[in-house]
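In what follows, chains are A, B, ... by sequence order, proteins preceding strands, each numbered from 1.
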Amino acid sequence: GENVEQHPSTLSVQEGDSAVIKCTYSDSASNYFPWYKQELGKGPQLIIDIRSNVGEKKDQRIAVTLNKTAKHFSLHITETQPEDSAVYFCAASINNQGGKLIFGQGTELSVKP
Amino acid sequence: NAGVTQTPKFQVLKTGQSMTLQCAQDMNHEYMSWYRQDPGMGLRLIHYSVGAGITDQGEVPNGYNVSRSTTEDFPLRLLSAAPSQTSVYFCASSYGGVRTEAFFGQGTRLTVV
């Protein structure tokens with residue numbers, strides 16, 4: 001089955017710096033790659049996603065890149081702000097597979113003012 | 001529009017007791033799923049459903065049962081609780097097909113003593 005590895009497990013940056021979180025997946029059939037942000041005591045919330053027919057996607061300060069050949073994808077946050085502090089999860093899925101998301105282990109991002 | 005609603009928010013069980021975690025969504029989503037979240041392990045898929053009357057196992061199904069009698073509800077049953085089932089449980093739903101964005105509930109924190 002699919003396996004998703006996520007690094008680093010913790011990341012501390014200064015406000016205004018960029019943050020990068022990386023994930024690798026094992027199943028070449030996976031074609032949907034979402035990123036979730038989880039704040040303390042809350043459920044995960046989708047922040048950006050990318051499909052396998054696209055190499056890069058941006059939404060304001062966040063971007064995701066996908067390298068299908070190497071089976072890895074990354075989240076980039078620019079101009080980080082204290083409110084970006086949270087746990088971030090990557091996931092992989094196959095369309096029409098019942099919403100089966102296989103998650104990475106999570107990255108705790110801390111943005112210091 | 002409440003989204004995905006989970007009850008209860010907190011629960012303490014004794015070993016061997018049974019209980020049902022409730023999940024309801026009002027978005028007319030076809031896909032629903034249950035995840036458990038443990039420290040350092042991300043979210044792991046327990047069971048999922050692609051529609052009323054259809055369920056399937058995820059990564060960690062042992063010790064849990066599900067049923068999907070309506071589109072709106074997807075309860076998770078613990079038949080005989082064990083300390084290893086101490087976790088935070090999340091329910092998620094999505095439209096299905098190519099509309100794969102998953103919406104998560106706020107979670108149920110379960111402690112088995």
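To the nearest 0.5 Å, the span separating OH on B:Y31 from NZ on A:K100 amounts to 11.5 Å.
Neither A:Y36 nor A:F33 shares a network with the other; the hydrophobic side chains, linked directly or stepwise wherever heavy atoms of I, L, V, M, F, W or Y lie under 4.5 Å apart, form separate groups for each. Two different hydrophobic clusters hold A:L66 and A:F89 under the rule that ILVMFWY side chains link at heavy-atom gaps under 4.5 Å. Put simply, B:L45 and B:I54 are part of the same group of oily side chains (I, L, V, M, F, W, Y) that touch within less than 4.5 Å, one to the next. Placement of A:I102 and B:I46 in two distinct hydrophobic clusters is found when ILVMFWY residues are connected by side-chain heavy-atom separations under 4.5 Å, directly or transitively. B:L110 and B:W34 fall within the same hydrophobic cluster, where Ile, Leu, Val, Met, Phe, Trp and Tyr residues are linked whenever their side-chain heavy atoms come under 4.5 Å apart, directly or through other members.
By a heavy-atom distance cut of under 4.5 Å, A:G41, A:K42, A:G43, A:P44, A:L46 are the residues of residues 39-50 of chain A near chain B, going up by number. Residues from residues 67-76 of chain A never place a non-hydrogen atom less than 4.5 Å from a non-hydrogen atom of chain B. Close approach to chain B, defined as a heavy atom under 4.5 Å from one of its heavy atoms, is seen in A:Q105 of residues 105-113 of chain A, taken by number.
Contacts of B:E59 with chain A are made by side-chain atoms alone, with heavy-atom separations under 4.5 Å and no backbone atom involved. Heavy-atom distances place the side chain of B:Q37, and not its backbone, under 4.5 Å from chain A.
With chain A as partner, the option from B:R109, B:M41, B:Q106 having the largest number of non-hydrogen pairs under 4.5 angstrom is B:Q106.
The backbone N or O of A:L101 lies less than 3.5 Å from a partner atom in the side chain of B:Y35, making a donor-acceptor pair.
Within 6.0 Å of CD on A:E79 lie no more than 12 heavy atoms contributed by other residues, nucleotides or ligands. Within a 6.0 Å radius of CD in A:Q60, no more than 12 heavy atoms belonging to other residues, nucleotides or ligands are found.
Listed here is the closest heavy atom pair of A:F103 and B:L43: CB-O, 3.5 Å.
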Side-chain polar contacts of residues 14-26 of chain A - donor-acceptor pairs under 3.5 angstrom, sequence neighbours left out - could you list them?
| residue | atom | partner | partner atom | Å |
| --- | --- | --- | --- | --- |
| A:S26 | OG | A:E2 | OE1 | 2.9 |
| A:S26 | OG | A:N3 | N | 2.9 |

